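To start, the structure under review is shown below, and the notes come after it.
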Amino acid sequence: MYAKVVLVACSMLLFVAGDARAQNKAAAAAHADMGASRAVAVLLPTGQNKVSGVVFFDKKGDTVNVSGKISGLTPGMHGFHVHQFGDITGLTDGMSAGGHFNPENKPHGKPEDKERHVGDLGNIKAGDDGVATIDIKDSMLDLGGAHSILGRSLVVHANPDKFTQPVGDAGGRVAVGVIGLAGPPKQ
Ligand code: CU
Ligand code: ZN
């Protein structure tokens, strides 16, 4: 009698657990298909550099709005790209972030080019105060699917991206940050 009750209780538990697993799986699949709506990168300085900042990525329809502030830069233009790996263990020079995020094996390009690395965001411009305010709209980046930048890294370079091959000759990496999921914006 006891054994039977325990057996029934156990099978009910298994049923409930199985149902929860199925729901989690469905939620994960939906998440993978639709992608996220917001991501963030907290930029850390490499080596002896003093560059830092916070950059948000907001998905709006087919566009991703890239916005934020980066400080500690030398005045002028700095190459600005999404790189392949979200690995910033090599914080002396940022090289562990790998090359430009280029899932379709295209040449390096300008942000407005149809043929470019997905990660090619061109240049940001710092004022005399060393601060760059970023406001970019890009329709090649995504927060889900093959062009997803989640788990990759954002890199700021010492020099301007000159749009030469293979990677724009933008010099060293002065700041790097992992691109991760963000919660909804604070009002
Ligand atoms: Cu770069
Ligand atoms: Zn590139």
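All values derive from a computational prediction rather than experimental measurement. Both ligands and their constituent atoms are indexed starting at 1 by order of listing. Below, all heavy atoms of this structure are taken into account, side chains as well, without hydrogens, waters or symmetry copies.
Each of His117, Glu115, His100 was evaluated against Lys106; a single residue qualifies, Glu115, per the side-chain hydrogen bond (donor to acceptor under 3.5 Å, both in side chains) test.
Remark: the Asn65 side chain and the Ser67 side chain contain no N/O donor-acceptor pair separated by less than 3.5 Å. His78 and Asp161 are not linked by any side-chain donor-acceptor pair at a separation below 3.5 angstrom, with hydrogens and angles left out of the test. Judged purely by distance below 3.5 Å, without hydrogens or angles, the side chains of His81 and Asp120 never pair a donor atom with an acceptor atom.
Summarising the local packing, CD of Gln48 is surrounded by 12 or fewer heavy atoms from other residues, nucleotides or ligands at distances under 6.0 Å. Asp62 CG: 12 or fewer foreign heavy atoms inside a 6.0 Å radius.
Protein atoms of type N, O or S found under 2.8 Å from the Zn ion (ligand 2) total 4. Here the Cu ion (ligand 1) has protein N, O or S atoms under 2.8 Å from it, and they come to 3.
A cation-pi geometry, defined here as NZ or CZ lying under 6.0 Å from the six-membered ring centre and within 45° of its normal, holds between Arg38 and Phe56.
Between Lys69 and Asp135 no salt bridge is recorded (no basic side-chain N to carboxylate O distance below 4.0 Å). Comment: Asp142 engages Lys59 in a salt bridge, judged by a side-chain N to carboxylate O separation of less than 4.0 angstrom.
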